[in-house]
Every structure is written in C-alpha cells, then in structure tokens.
Trainee: 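Quick one: the structure is below, and I'll ask about it shortly.
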There are 2 protein chains.
Amino acid sequence: MNSRQGDDMREIRRGRETGTLGKLMTLVDLVALSDRPMRFTDILSLSDQPRGTLHRQLSHLVEEGLLEIDRDGCYLPGIRLLSLASRSWARNEFRTVAEPHLRLLQAQTGETVHLGVLRGTEVIYLDKVEGRQSVRMYSQIGNASPAYCTGVGKAALSALDDTSFGARVAGLEFHAYTEHTHRSLADLRADIEAIRRRGCAFDREEHESGICCVAAPIYSDDNDMLAGVSVTGPAYRVTPGKLEEWAPLVKAAAAAIMQDMHSRLGPRR
Amino acid sequence: MNSRQGDDMREIRRGRETGTLGKLMTLVDLVALSDRPMRFTDILSLSDQPRGTLHRQLSHLVEEGLLEIDRDGCYLPGIRLLSLASRSWARNEFRTVAEPHLRLLQAQTGETVHLGVLRGTEVIYLDKVEGRQSVRMYSQIGNASPAYCTGVGKAALSALDDTSFGARVAGLEFHAYTEHTHRSLADLRADIEAIRRRGCAFDREEHESGICCVAAPIYSDDNDMLAGVSVTGPAYRVTPGKLEEWAPLVKAAAAAIMQDMHSRLGPRR
DNA sequence: CTTCTTGTTCCATTATTTGGAACGTGATTT
DNA sequence: AAATCACGTTCCAAATAATGGAACAAGAAG
C-alpha cells in the first residue's frame, strides 16, 4: 500500500482522511483564504491536481453554492456559506448564553467586547458588542486570528495544561505582526505562565499596532471547549492602568459565562 | 453539442449531479436548517441512508468542521462555516459597492435598510444598515427568506421576463405567514405586474405581521444577478404614505448601485 | 437476565473520482 | 491569413473511495 508509509506522526495536514470531502474543502479554503479573486489557472497552480479533475471539482462546488464564479471567470466563496453560517451563529448555544454578559461588560467598560473560541491554534470570533457608533457590524465575527498574539487566544491557551499546550502549539510559526508580537515559543510560554497566575491575558499591541486588550479564559470542565472574552480598544484610551482596572471585570464576566454554561448545558443526558 | 438537449425542465432537484458532495451538503442542510439539535437517529430517519453510511458521512463532515457534535451527541452546524462565510462576506464586491448607498438610504429614511440577492426562489440578505440602537447585529445577514412575500424578493423577481419568471417559480409553494401573504401564483403574478409598472415593490405585512417595506430591484444587464434594496420598519411608523414617499429614494438607491456596479465591475476582461 | 435502542466498526461490492489526452475557442504572434 | 499559444472544457478506461449489510458494543428499559 502506498498509504502513509512510516506512520508519519504529523497529520498536521488538515483532515487528510476525509476522502473526497477533504480535497474539496481544501479548494474552498484556497479560494476563501486568498486575498484576491482566483482564476481557474491560479487555483490549478496552487492545487496539484490535473486540469480535468480540478475542473470537475470546482464545478461541483459551484453547483452546490460553496463557490461562485463571477463574470471574469474568477472563483469566489459562495453565498450559501453565508446562509449556512447565519444558522450556525444564531443557534450557537454558547454564544447565546454569553451574550448578556458581553453586553454587561461592554456597558461597564465602554469599549468593544469580543467572544472567541479556540480552534487549533486560531481564535474564531463568535460575537462582538460595540459601543455607540457601530463602525462596521459583522466585520470581526467569524474572523480567524492566530491565538499566540491575541488576548482571547492567549487566555484560551492558558487553560491548557503543559502537555496539551505543548501538543497544540507544536510546529507553530510566529509571524511578527508588530514589534511586540511574541517571536518564539519560549516568549509565548513565559506569557502563558504569567496569564495562568494572573487569571487574565493582556495584549499590548501584539497583533495590531495601537490596539490593546485584556482577556479572560472560558473553558468547560473537560476542556473540550476553550474560549475567551476580551475588552479591546485603542491604546490611547486603553492604557495599562485601564487594563489592570478592567481585569477583574473581564474575569468576572468569564466566570459568569462558565457558571451559566454549567447550569444550562451541564446537565448532560 | 450535447448542451441542453431537449431542454428538460426538470433539474429542480438541487444539484443531484454533484455526487458525493451533493449528498454531504444535503446532510449539512438537514442539520443547519432544523430548528432543534439533531441526534444521529433523528438524522437517520430523515435521510434514507443505511446507518453505517450515514455514520461515516457525518464523521467526515465533523472532521472537516462543517458540523460539530456537542456533548449530548447532537449535531450542530460547525464554526468553520462562520469562518468561511466571514471571508465570503468581507470580499463580496457587490456588497462593498452597495454599502455607501445603503448608508445614505438609511440616513434619508431613518429606518432599517436591507440588501438581498435572489437565489432560486429565496432571498439571501447580504447586508443591513440600522439606525441608532442596533437591536441585534448580524441577525438578518445570511438569512434566507421566501422571495414571494418579501419586498426585496418580489422586487428582484420583477426584473425577470415572463418566461424566466415562470420557470423560476414553477412548483413554488405558498405558505401563509400572515393574512396578507400571497396565496397563489396568480396573486404573486398580479403583484409582480404592478411592481414592474411602478418600479418598486411593497410588502405590507406579507411576511411578518407589523412589518412593512418598500423595495427596488437591482439587476445586471444579462440578469445573471438579481437583487434588491429595501427600507423596512414597523407598520405604525412605516405607513402607506411613508412607503410612497420613500419609493423614489429606494429606486434612486437601486439605480445608483447598478450604476456603480457597471463602472466597477462592468469592464470585463 | 433479557431485550431494545443507539451508536460504531468491518469489508466485499459498487459507484464515483481520477488523470491523461484530445478538443474548442479566442487572443496574440508570425 | 495562418500558426501559435493560453485557457477552459469534455471524455473515458483505470484507480479509488463510497456504499450497505451485517456484526459488534454499550446502555437503558422491561
């Protein structure tokens, strides 16, 4: 058999065992994560598939509405994704439970509040509550950012024990988004230690210049779900002092959310 | 050419020609569109698949993050959908082009403005601009509603010629959401006629009691894209008089969006 | 203890996907 | 105008993945 000779331990390759679906979703990712619209040939060069095969795969994806093809012949993510996602969002019980607490935290601090869950080494934002001028709704929701340089991400990571943490961040690459971004696993590990002791994470312009935040971890008893809640704002308003001042509020919000999760979802059948 | 031999009008079956992917997406729909979390057996009874087959299919979907399985063993839409959708939304050029016009229309009327595209006989909302208190952001975005009882939907349908219209609504079922909902194809057809003459559609509590709106169609020259823009609000504020008053504004917004579409997307390569 | 119900695994059979090559078509060059 | 090229699309035998029935666990109910 040609399968996976040697029992390679990686398997970092996302779901290489889902057969046809996996190959197709790789294409969806390719299209959705690229910054520019992609033509058939662009995709062809990035995916190592024969032309005929790729063509049929893309056709199927378009047929199913996961991709769309615009008048220039470029492939784009399809709106069916939007439609499915809106269901996923509206019915997400975790988000629903957390929402009132996010609102409270927003009211207490006046700054933007985020709720995000950890998926692999990325944070996916599930909800956002802003103050007055809603700059751009939706925006952040659904967005994926690296865990190692975001408040919510680091907070969530801090809920893992050393072994699980090590396994999860193995092979992680550190991209320097700003001059404050952690450069290595050692940096991150030290920060995580501090976060564990402190009970909350700070992000002082590590992901985006001029943006600071304070975040607290949310986790289920069996750690099958890791998340975080944060208060974020521009550095000129969100000073180190403010961060310290808000830390207890953020921790309280996280605690309250976990509490509610327990009473609403805890009683498992 | 084998193209459309015989011009078979069937093809109503949603993408039954996408092989494995089609079957899997049917399952995703099943889970995403149900109102309650579904257990394995629930899905089993709705999909006519053997147990073993269904189990593997669901496993693959979970593996790929399109579905998730909660601690009760219930299947839910996965957050990867959210993440993909946020890309789809942020990069949607139509939405981007339309946005400033939606804002203007919102400012002019003070009520909520929607942008939606027609997909089959459903409208999918692409964007929404609200006034002061953003009751609940996201909410409507990505939502799918029947075209025959929504302002945006009827407006979009009115851009079709009789033949295309007939083909599209063939077999459409009319569900009576309110006492004003169209009950039959004849009702709808008559309304569409009026909308064509008038250049805009009214929805007077046809989809939801107490909610009225006025909408105008947006379409590309070759009709490969049908959409609409609307102003919506509670019946006590959005009186018949207001609807008439706003009609020109809504039509102007639609016209402006089409204009911009032409100059930004028109020059095809 | 026995009998259901629910979920999971296995594997020969079957259907789908694959990949290479050939075919169109319009643009660019000779 | 003819020849060449870049880009998509279609076809079909061969390779591969999905199928479905049955057997296997593990609880819950009788």
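In what follows, chains are A, B, ... by sequence order, proteins preceding strands, each numbered from 1.
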Trainee: What are the residues of residues 42-50 of chain B, sorted by number, that bring a heavy atom to within less than 4.0 Å of DNA chain D?
Mentor: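 Residues of residues 42-50 of chain B that come under 4.0 Å of DNA chain D are, in numerical order, B/Gln49, B/Pro50.
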Trainee: Grab the CG-P distance between B/Asp72 and D/dG27 for me, whole Å please.
Mentor: 17 Å
Trainee: Backbone N or O of B/Trp89 within a donor-acceptor pair of the B/Arg95 side chain at under 3.5 Å?
Mentor: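 Here the side-chain-to-backbone pair exists.
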Trainee: Check this for me, if you would: do A/Arg87 and B/Asp29 make a salt bridge, where the nitrogen-to-carboxylate-oxygen distance has to be below 4.0 angstrom?
Mentor: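 Salt bridge flag = no for B/Asp29 with A/Arg87.
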Trainee: If you compare every side-chain N and O of B/Thr20 against the phosphate oxygens of C/dT17 (OP1, OP2), does one of them come in below 4.0 Å?
Mentor: yes
Trainee: Can you tell me how far P of D/dC7 sits from CZ of A/Arg39, to the nearest Å?
Mentor: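 About 8 Å, once rounded to whole Å.
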Trainee: Please give, in whole Å, the distance from D/dT16 P to A/Leu21 CG?
Mentor: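 In whole Å, D/dT16 P and A/Leu21 CG are 20 Å from each other.
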Trainee: Separation of A/Leu58 atom CG from C/dG19 atom P, in whole Å?
Mentor: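 These atoms are roughly 14 Å apart.
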Trainee: Whether B/Asp162 and B/Arg196 form a salt bridge (side-chain N of Lys/Arg under 4.0 Å from carboxylate O of Asp/Glu) is what I want to check.
Mentor: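 Yes, this pair counts.
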Trainee: Counting only side-chain nitrogens and oxygens, does A/His55 get under 4.0 Å of the OP1 or OP2 atom of D/dT9?
Mentor: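 It does, given that an N or O in the side chain of A/His55 lies less than 4.0 Å from OP1 or OP2 of D/dT9.
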Trainee: Atom CZ of A/Arg56 to atom P of C/dG19: distance rounded to whole Å?
Mentor: 9 Å
Trainee: Just checking, is any N or O donor in the side chain of B/Ser164 or B/Asp161 under 3.5 Å from an acceptor N or O on the other one?
Mentor: yes
Trainee: Can you tell me if B/Asp127 and B/His114 form a side-chain donor-acceptor pair at under 3.5 Å?
Mentor: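 B/His114 and B/Asp127 do not have a side-chain donor-acceptor pair below 3.5 Å.
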Trainee: In a check of salt bridge (Lys or Arg N to Asp or Glu O under 4.0 Å) between B/Arg80 and each of B/Glu64, B/Glu68, B/Glu63, which one passes?
Mentor: B/Glu64
Trainee: For the side chain of A/Arg51 and the base of C/dG19, is some donor closer than 3.5 Å to an acceptor across the two?
Mentor: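 No such pair is found, so the answer is no.
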Trainee: Only one of A/Arg51, A/Gln57, A/His55 clears side-chain contact (heavy atoms from CB on, under 4.5 Å) with A/Thr53; which?
Mentor: A/Gln57
Trainee: Is B/Thr41 near enough to C/dG7 that one of its side-chain N or O atoms lies under 4.0 angstrom from OP1 or OP2?
Mentor: yes
Trainee: Send over the distance from B/Gln57 CD to C/dT16 P, rounded to a whole Å.
Mentor: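 Taking atom P of C/dT16 as the reference, CD of B/Gln57 is at 13 Å.
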Trainee: Using atom CG of B/Leu54 as one end and atom P of D/dA18 as the other, report the distance to the nearest whole Å.
Mentor: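 The distance from CG of B/Leu54 to P of D/dA18 comes to 14 Å, rounded to the nearest Å.
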Trainee: Can you tell me the distance, in whole Å, between the CE atom of A/Met38 and the P atom of D/dC7?
Mentor: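 The distance from CE of A/Met38 to P of D/dC7 comes to 14 Å, rounded to the nearest Å.
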